[in-house]
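What follows is a single structure, written as structure tokens, with notes after it.
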Amino acid sequence: MDKKISPVRESIKYCFRQIKQYKRSYLPLSVINVIIGAAAPFSELIFLPLAIDALMAEEKNVPLILFYFGIMTTLTILLQGSNSVLSIHLAKCEDLFLNASSREISARCMEIDFSLTEDKAALDQIKKAREGIQWSGGTHQIAGAFFTIISNVIKIFGVIAVLIINAPILLIIIGVLLVLSAIINARKNDIDIKNFTELSGINRIFGHICWEMEDFRYGKDVRLYSAAGMMLEKTSQQIKRLSDYWENINRLKFPLNILDIIVGVLRDFGTYLYLGALAILGKISIGTFSQMLSAGGTLHSSLQAVIMGAQDIAKRSNYMYEIIRFMDYPPAMEKGSRKIENINGGHEIEFKNVCFSYPKTGVAVLKDVSIKIKAGEKLSVVGLNGAGKTTFIKLLCRLYDVDSGEILLDGVNIRDYDYDEYMKLFSVVFQDFRLLAFSAEDNILLGRHEEGSDKIVDDLFEKTGILEKIKSLPKGRDTMMFKQFDKDGVELSGGQQQKMAIARALYKDAPVIILDEPTAALDPVAEYEIYRQFNSLVNGKTAVYISHRLSSCKFCDNIAVFSEGTVKEYGTHDELVHKTDGIYAEMFKAQAQYYV
Ligand code: ADP
């Protein structure tokens, strides 16, 4: 854990920030509740012994006895009643704060550097943050524990004042045994905290396997390759790990639980012995005996509530701190602040001796790649599977940073540019693009609704050849993709989804368009249509186009042939296709028999 940082302080700050942001009234209501909660036991503590002594007196003053009981009952009902009403009201905020934390974590997941989404430490931190919400109980539980402590501190001062006069030794008995109890509890908390990392790891793996089992995208492969058995076996392994984990925790805590019981018995025994002796010796009346007993009980429960509350806050804060850690997760990439000049104009891109390996793999995927893409140029990137084509695009889009060499935009290293602005340069359709389970239109607009956008969307659907399909759907553009949120949602084919993804990229209208295997899932007719329209689709913008189908290269100004992580050939289709022993010429010949 970071040295100077106190998880408790950070978590309390986090809670107060959430209260301020999401429910300001929570704070004053909690303060009122603290005062009421602290006052509640005193009505009984003050009036009950008076009533008992009045009852025991030789001359019974009935109106006085009734008065004592009446006032005690009324005060108790009023105080405890309003305490419970307020507590219930405050408890309603629990979900509000929990959901707010959950949303904050999700939002952060969308903005952390992309490379971290494949980084085990970062993934573990996300899992820990998620579990941190659950285990800390969120702002309501921590703030609740904090206010309970304050309320109990007030009670403690009150009962000490009552006890010190008649039974000072009881203070010592309760104090000493409570310290023992606190030590035991601290040991138990330590056990939970020390083992939390292991628990998160197990839950992350278990959750991931369950997610794969539930996700219908894996459904076909799971059925056709009979993978269900293996998946279930993997979950069984994690369930076994989990049960071993809890068994171990229970074994570690068992002696502490026994000690806890012994301390409780000693405390009760000591209290009765001491107060009984005082009463027998005539030092206190029966009323005072009952008052001291009740004050002792209140002192013990209040002290315990303070100590346990403090320990509870410390423990919960450690869990909550995992949320804060994730929110402050250090970036994986350098980001500059330079503005891009004439962002919507043409831009020259240059890779200069770029080398790259995926984080923590040590395997060089791109080796000394140098290539220039002029403004408005259409570049086709081809090569066998695993040659590094997609990686080349990921680096260009700053999803990862190069290991050495540099990527320049208009002669300036892309690291120097403002990251958000740089991301505006690209419209990309990745091979593994995903549509969201929202409406067809929302999938294109992604919140960028503007005047006339309906018409633009229809035009794009028309250009990418999906308009007819969308129009045939019961709710047209408002039809939901997939069935997660709507039973009438539609399951489009791979090719249709790809057309939607291309329409989405074109709607962004960025100056550089990148299509990674844009036609892989399209049938030959749709592919031909996309190619035919390609120039009008990209509308004179710079375009990088990765494809396995070399016929598409004819539409491009230049072709870069990737092989073994580097650009082995570069030129126009006509130059490369006639090159003796050229990779491109070979690949083209091999494919031509199917296409020509
Ligand atoms: P292509 O697009 O030419 O098929 P890629 O750029 O996708 O090739 O992949 C190049 C190499 O990088 C492959 O060996 C692949 O296994 C590896 N690779 C791709 N993505 C990752 C990743 N996220 N982590 C580690 N290795 C990766």
Side-chain angles (χ1 to χ4, degrees), residues 109-110 112-126 204-205 208 211-212 217-218 329 331-333 349 351 353-371 373 378-405 407 414 426-434 494 498 501-502 505 512-522 527 543-553 556 558-570 576 582-584 586-588 590-591:
C109 283
M110 293 193 289
I112 54 167
D113 290 341
F114 182 79
S115 59
L116 295 175
T117 63
E118 295 175 336
D119 179 286
K120 188 176 171 303
L123 291 177
D124 274 339
Q125 191 54 54
I126 296 173
R204 183 170 77 79
I205 299 172
H208 186 77
W211 173 76
E212 281 188 348
R217 280 175 301 209
Y218 297 89
Y329 207 84
M333 296 194 296
I349 295 162
F351 276 58
N353 311 105
V354 167
C355 296
F356 175 75
S357 38
Y358 281 96
K360 298 180 186 149
T361 61
V363 181
V365 172
L366 291 190
K367 300 163 206 160
D368 202 19
V369 170
S370 294
I371 190 168
I373 310 169
K378 286 167 194 43
L379 175 75
S380 180
V381 176
V382 301
L384 297 178
N385 271 337
K389 304 181 296 292
T390 302
T391 307
F392 168 73
I393 300 302
K394 286 184 188 164
L395 291 182
L396 176 59
C397 297
R398 286 219 77 191
L399 297 183
Y400 296 89
D401 253 350
V402 301
D403 294 339
S404 63
I407 304 172
I414 59 174
F426 303 98
S427 282
V428 192
V429 181
F430 281 106
Q431 256 169 312
D432 55 354
F433 67 88
R434 287 261 184 269
Q498 205 158 24
I502 295 174
V512 183
I513 298 226
I514 299 172
L515 305 179
D516 187 352
E517 295 239 35
T519 57
L522 299 182
E527 179 184 339
V544 182
Y545 193 44
I546 299 183
S547 183
H548 271 116
R549 301 188 190 169
L550 302 191
S551 46
S552 62
C553 297
C556 295
N558 282 303
I559 299 158
V561 183
F562 272 66
S563 175
E564 293 166 7
T566 195
V567 182
K568 284 276 167 65
E569 291 172 14
Y570 178 83
L576 296 183
I583 305 171
Y584 182 80
E586 275 298 309
M587 287 166 74
F588 194 79
Q591 284 192 3

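As the structure lists them, so they are numbered: ligands from 1, and atoms in each ligand from 1.
- Phe356 and Tyr358 have perpendicular rings, their planes meeting at more than 60° on a 0 to 90° scale where under 30° would count as parallel.
- In terms of heavy atoms, Phe433 sits closest to Gly494 at CZ-O, 4.5 Å.
- Listed here is the closest heavy atom pair of Phe392 and Val544: CE2-CG1, 4.4 Å.
- Here the closest non-hydrogen pair linking Gly362 and Ser357 is C-CB, 4.4 Å.
- The protein residues lying under 4.0 angstrom from ligand 1, judged by non-hydrogen atoms, are Glu118, Tyr358, Thr361, Val365, Leu384, Asn385, Gly386, Ala387, Gly388, Lys389, Thr390, Thr391, Lys394, Tyr400.
- With Asp516 contributing its side chain and Thr390 its backbone, the two residues share no donor-acceptor pair below 3.5 Å.
- Sorted by first then second residue, the salt bridge (Lys or Arg N to Asp or Glu O under 4.0 Å) pairs that include residues 389-400, not counting sequence neighbours, are Arg398-Asp401.
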